[in-house]
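Letters A, B, ... are given to chains in the order of the sequence lines, protein chains preceding strands, and every chain is numbered from 1.
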2 protein chains.
Amino acid sequence: MRLVIARCSVDYVGRLTAHLPMAPRLILIKADGSVSIHCDDRAFKPLNWMNPPCKIREDDGTWTVTHSKTGEKLILTMDEIMHDSKHELGVDPGLQKDGVEAHLQELLAEHITTLGAGYTLVRREYMTAIGPVDILCRDQSGATVAVEIKRRGEIDGVEQLTRYLELLNRDPLLAPVRGVFAAQEIKPQAKVLAMDRGIDCVTLDYDGLRGIEPENPTLF
Amino acid sequence: MRLVIARCSVDYVGRLTAHLPMAPRLILIKADGSVSIHCDDRAFKPLNWMNPPCKIREDDGTWTVTHSKTGEKLILTMDEIMHDSKHELGVDPGLQKDGVEAHLQELLAEHITTLGAGYTLVRREYMTAIGPVDILCRDQSGATVAVEIKRRGEIDGVEQLTRYLELLNRDPLLAPVRGVFAAQEIKPQAKVLAMDRGIDCVTLDYDGLRGIEPENPTLF
DNA sequence: GTATTTATTTCGTGC
DNA sequence: GCACGAAGTAAATAC
């Protein structure tokens with residue numbers, strides 16, 4: 001990893017055209033070949049960057065970064081270099097995550113009666129021609145129920161579930177199939193659309209499903 | 001801006017829970033208060049980060065970064081600090097962009113006959129109760145045409161246009177309204193769905209519309 | 001301020 | 001390798 005602090009201007013030509021006027025910035029050159037240009041705000045997002053694979057040519061005061069496949073170009077005009085250092089970091093063991101949609105799906109599948117007494121799981125990721133239904137289950141009367149799970153329930157999710165339902169209801173072995181839209185939080189517009197299409201909405205309590213009391217003060 | 005190279009392990013508790021084992025990394029502390037932890041690959045994306053506003057407490061070998069509003073926490077356990085430097089960058093003049101969807105819409109409105117001879121523009125951003133139709137125009141026969149523009153045409157765009165068409169066709173002054181899905185690139189699935197719904201697909205040539213020959217060798 | 005849409009989205013996963 | 005869905009999405013824009 002190479003860290004350069006320099007007064008520079010930058011021009012990008014590729015998927016779009018963009019220009020950065022002359023100013024002091026951080027230029028971050030990683031071992032993977034990527035280049036990113038940071039200012040002192042915008043959190044972790046760089047002002048401009050180039051993804052690998054790319055080639056860097058340093059030519060007098062002009063650095064040209066060219067993407068090896070698309071031909072995109074990043075041209076840095078260097079005015080003054082204030083800092084330039086290199087560091088060996090090695091390969092990173094990487095990030096372990098927890099708490100995303102996959103986990104919500106696992107938890108709801110384990111506690112399918114959250115949707116109502118007598119519910120039974122058919123299977124998770126039930127494949128159809130247009131994609132996997134998150135959860136397929138049956139209600140207390142034995143009727144098929146398709147569940148779409150989102151962390152945040154928006155209109156797109158309702159559309160997605162609608163397409164699945166349309167398809168599933170063509171299958172005489174499954175029909176009639178009811179829909180349930182389950183999310184940690186459901187936007188009002190999504191709720192209206194779901195209701196209009198006869199889809200039930202369920203708000204999921206992640207901590208409750210996980211068995212951790214939400215009022216647990218050790219988290220956060 | 002402060003640049004620290006250190007062997008550290010990181011724990012994040014907030015919107016999700018995540019852990020980074022001990023390894024050498026870059027810790028980037030910006031003047032806006034943000035903290036991001038980079039390894040030597042993954043291009044410009046950090047392994048972990050904290051957005052402003054947040055507070056950093058350095059306590060022996062443990063750095064605790066706490067988000068001031070949500071209470072999210074990033075805990076860095078520092079093993080060895082290999083580099084630590086500070087740099088004044090000042091406020092950045094910022095990025096000037098060109099070439100996004102708004103520009104595509106302008107260009108297509110200016111060259112509406114791209115859709116066919118005799119086409120005439122009614123207006124851009126034609127407002128409806130459920131949102132603005134990108135372009136409303138009439139074909140050579142005087143029939144109304146609603147155009148949805150995307151940079152990359154996917155299934156969501158077809159759904160969106162479908163909702164507009166359904167609404168517009170309830171207006172006796174406009175009906176019957178035909179749909180055109182225009183994008184620089186249209187995904188096969190979106191094309192199939194559009195066809196199925198009687199919506200025409202048009203692939204836009206950005207450079208052609210802009211009046212620059214696509215074979216111009218100075219770009220890229 | 002809330003809701004919607006875009007993004008040089010990036011990133012993972014299944015086929 | 002391509003297509004689709006999710007993201008600690010973030011950011012801009014419309015309402």
Side-chain angles (χ1 to χ4, degrees), chain A residues 10 12-18 34-37 41-52 54 67 70 72-74 94-95 97-105 125 127-134 148-157 159-160 163-164 183-184 187-190 192 220, chain B residues 12-18 34 36 41-52 67 70 72-74 94-95 97-105 125 127-132 134 148-152 154-157 160 163 183-193 220:
Chain A
V10 184
Y12 168 71
V13 182
R15 284 180 266 188
L16 55 71
T17 318
S34 65
V35 178
S36 45
I37 294 137
D41 54 19
R42 289 158 177 78
F44 69 77
K45 185 103 197 269
L47 286 161
N48 220 325
W49 69 91
M50 185 68 79
N51 287 334
C54 62
H67 195 275
T70 62
E72 290 166 281
K73 264 186 184 151
L74 203 59
L95 187 72
K97 284 184 185 183
D98 177 29
V100 282
E101 187 195 309
H103 203 204
L104 266 180
Q105 192 191 104
E125 302 285 347
M127 275 309 299
T128 73
I130 57 171
V133 177
D134 286 339
E148 176 65 35
I149 299 169
K150 295 284 178 207
R151 204 173 59 77
R152 279 160 50 196
E154 295 175 31
I155 217 158
D156 285 1
E159 296 286 12
Q160 193 182 340
R163 288 197 295 274
Y164 289 139
Q184 280 189 280
K187 292 288 170 73
Q189 296 217 351
V192 170
F220 282 47
Chain B
Y12 167 70
V13 182
R15 285 181 265 189
L16 54 70
T17 319
S34 65
S36 46
D41 54 19
R42 290 157 176 78
F44 69 77
K45 187 105 196 270
L47 286 162
N48 220 326
W49 69 92
M50 185 67 78
N51 288 333
H67 194 275
T70 63
E72 291 166 281
K73 265 185 184 150
L74 203 58
L95 188 72
K97 285 183 184 182
D98 179 27
V100 281
E101 188 194 308
H103 203 203
L104 267 181
Q105 192 193 102
E125 302 285 346
M127 274 310 298
T128 72
I130 56 171
D134 286 339
E148 177 64 35
I149 300 169
K150 294 284 176 208
R151 203 173 61 75
R152 279 163 50 198
E154 295 176 33
I155 217 157
D156 284 2
Q160 192 183 343
R163 288 197 295 273
Q184 278 189 283
E185 177 203 346
I186 301 178
K187 293 288 168 74
Q189 296 217 351
K191 211 171 278 191
V192 170
L193 183 63
F220 283 45

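Between B/Leu47 and A/Leu95, the closest heavy-atom pair is O-CD2, 3.5 Å. Between A/Gly153 and A/Ala190, the shortest heavy-atom distance links the atoms O-CB, 3.7 Å. Nearest approach of A/Gly157 to A/Lys150, heavy atoms of both residues: CA-CE, 4.0 Å. Scanning all heavy atoms of the two residues, the minimum distance from A/Asn48 to A/Tyr12 falls at ND2-CB, 3.6 Å. Contact detail for A/His67 and A/Cys54: the closest heavy-atom pair is CA-CB, 3.8 Å. The two atoms that bring A/Leu74 and A/Val35 nearest to each other are CD2-CG1, 4.4 Å, heavy atoms only.
The pair A/Glu159-B/Arg163 counts as a salt bridge, with a side-chain nitrogen and a carboxylate oxygen less than 4.0 angstrom apart.
A straight line from NZ of B/Lys73 to C1' of D/dG8 spans 17 Å, rounded to a whole angstrom. Distance, B/Asp134 CG to C/dT4 P: 16 Å, rounded to whole Å. Look at CD on A/Glu159: it is 14 Å from P on D/dA6, rounded to the nearest Å. When the C1' atom of C/dA7 is taken as reference, atom CD1 of B/Ile149 falls 17 Å away, rounded to whole Å. Protein atom CD of A/Gln105 is 10 Å distant from nucleotide atom P of D/dA6, rounded to whole Å. C/dT10 atom C1' lies 14 Å from atom CG of B/Leu47, rounded to whole Å. In this structure, A/Ile155 atom CD1 and C/dT2 atom P are separated by 19 Å, rounded to whole Å.
Annotation: the span from B/Phe44 atom CZ to A/Met50 atom CE amounts to 12.5 Å, rounded to 0.5 Å. Separating the CG atom in A/Asp134 from the CD atom in A/Gln160 is a distance of 7.0 Å, to the nearest 0.5 Å.
Between A/Tyr164 and B/Met50, the residue anchored nearer the 5' end of DNA chain D, judged by the nucleotide with its closest heavy atom, is A/Tyr164. Nearest-nucleotide mapping onto DNA chain C: of A/Lys187 and A/Leu74, the residue sitting toward the 5' end is A/Lys187.
Comparing C/dT5 with C/dT9, their C1' atoms are spaced 12 Å from each other, to the whole Å. Comparing the C1' positions of C/dT10 and C/dT6 gives a spacing of 14 Å, expressed to the nearest Å. Taking atom P in both C/dC11 and D/dA11, one finds a spacing of 16 Å when rounded to whole Å. The same atom, C1', is picked in D/dG5 and in C/dA7; the two are 16 Å apart, to the nearest Å.
Using a 4.5 Å heavy-atom threshold, the side chains of A/Gln189 and A/Glu154 count as separate.
Here A/Lys150 reaches the OP1 or OP2 of D/dA6: one of its side-chain N or O atoms lies under 4.0 Å away. An OP1 or OP2 oxygen of C/dT5 is reached within less than 4.0 angstrom by a side-chain nitrogen or oxygen of B/Gln160.
Distance from the side chain of A/Pro188 is smallest to C/dA3 among D/dG8, C/dT8, C/dA3.
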Which nucleotides of DNA chain C pair, in dot-bracket form (Watson-Crick or G-U under 3.5 Å, | meaning another strand): |||||||.|||||||
Contact pattern, 5' to 3', of nucleotides 9-15 of chain D - B, S or - by protein heavy atom under 4.0 Å: SS----S
